[in-house]
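Order of listing sets the numbers, starting from 1, for every ligand and every atom in it. Reckoned from all heavy atoms, side chains included, excluding hydrogens, waters and symmetry mates.
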Amino acid sequence: MKSRIEVVQGDITRMTTDVIVNAANSSLMGGGGVDGAIHRAAGPALMEACMQVRQQQGTCPTGHAVITVAGNLPAKAVVHTVGPVWRDGDAHEAQLLSDAYRNSLQLVCDNGYKSVAFPAISTGIYGYPKPAAAEIAVNTVSDYLTRHALPEQVYFVCYDEENTRLYQRLLAQLSPEQ
Ligand code: ADP
C-alpha cells in the first residue's frame, strides 16, 4: 500500500498538489524565505487575497492558519500558517508548531482537498532546531491522518539536505500503512 506521507527535496512553489502551505508571518504581508518564493511565483493575486483576509480578520496568530487562492501557482489553494519563532524551547514552541501543522491540515480537509505539500515550518528565519521540528511535523501529520480521510496525500518538501535526511529517517520509522 502506498504511503500517505512522502518526502521530496525541492522547491515547494513547483508542487502540483491541491494545496501548498506557506510558512507565513502574522502580518500575512509576505516576507523572506519560502514566503517570498511563494509570493513571487504566485503573482499579485496572492497578496490581494492576503490583504482581504487581513481586512476581514486581522493578523494571523502564531499556530493558526488561513486559506487563499493560489494565483499563478500550479496548486489550487495556499494555506498560510504562522509557526513559532524559536526562543529557548520554554515558550510553548512545540505546541505552537504542532498547532500550525494541525490547523493547516484542518483547512485542507474542511475544503475537500486531497493533497497538500508542507515546507519545514519555522526551520529557516524563525530558527527552530531542525531535528525537533521534523519530529513534530511527522508526528502531528501522521496522527492527524490516522483520524481523517482527507488529505489523502501529504508531501514534506525539503529545501536542504539536512531536512531531507531527517524526514526520510523519521518516515522510515512509521508503520507501513501511514
Ligand atoms: P520560517 O520563518 O518559518 O523559519 P523560512 O521561509 O525562513 O520560514 O524557512 C522555512 C523552511 O523553508 C526552511 O527550511 C527553508 O530552507 C525552506 N525553504 C525556503 N525556500 C523554500 C522553497 N522555495 N521551497 C521549499 N522550502 C523552502
(request) With sequence neighbours excluded, tell me which residues meet ring-ring contact (aromatic ring centres under 6.0 Å, His included) with Y144. (result)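 Checked Y144 against ring-ring contact (aromatic ring centres under 6.0 Å, His included); matches are H148.
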
(request) Please work out whether the ring planes of F156 and Y167 are parallel, tilted or perpendicular, with thresholds of 30° and 60°. (result)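 If you compare the ring of F156 with that of Y167, the planes turn out tilted.
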
(request) Examine F118 together with Y101 and report whether their ring centres are nearer than 6.0 Å. (result)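 For F118 and Y101, the ring centres are under 6.0 Å apart.
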
(request) With sequence neighbours left out, write down each residue that passes salt bridge (Lys or Arg N to Asp or Glu O under 4.0 Å) with D160, or none if nothing qualifies. (result)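 Applying salt bridge (Lys or Arg N to Asp or Glu O under 4.0 Å) to D160 gives K130.
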
(message) My understanding is that only residues two or more places apart in sequence, or in another chain, count here; which of them pass salt bridge (Lys or Arg N to Asp or Glu O under 4.0 Å) with R54?
(response)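 For R54, no residue satisfies salt bridge (Lys or Arg N to Asp or Glu O under 4.0 Å) once neighbours in sequence are set aside.
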
(message) What does the 4.0 Å heavy-atom contact list look like for ligand 1?
(response) G10, D11, I12, A23, G33, V34, A37, A120, S122, T123, G124, I125, Y126, Y159, D160, N163

(message) Does this structure show an ion pair linking D18 with K114, if we count only N-O contacts that are shorter than 4.0 Å?
(response) no

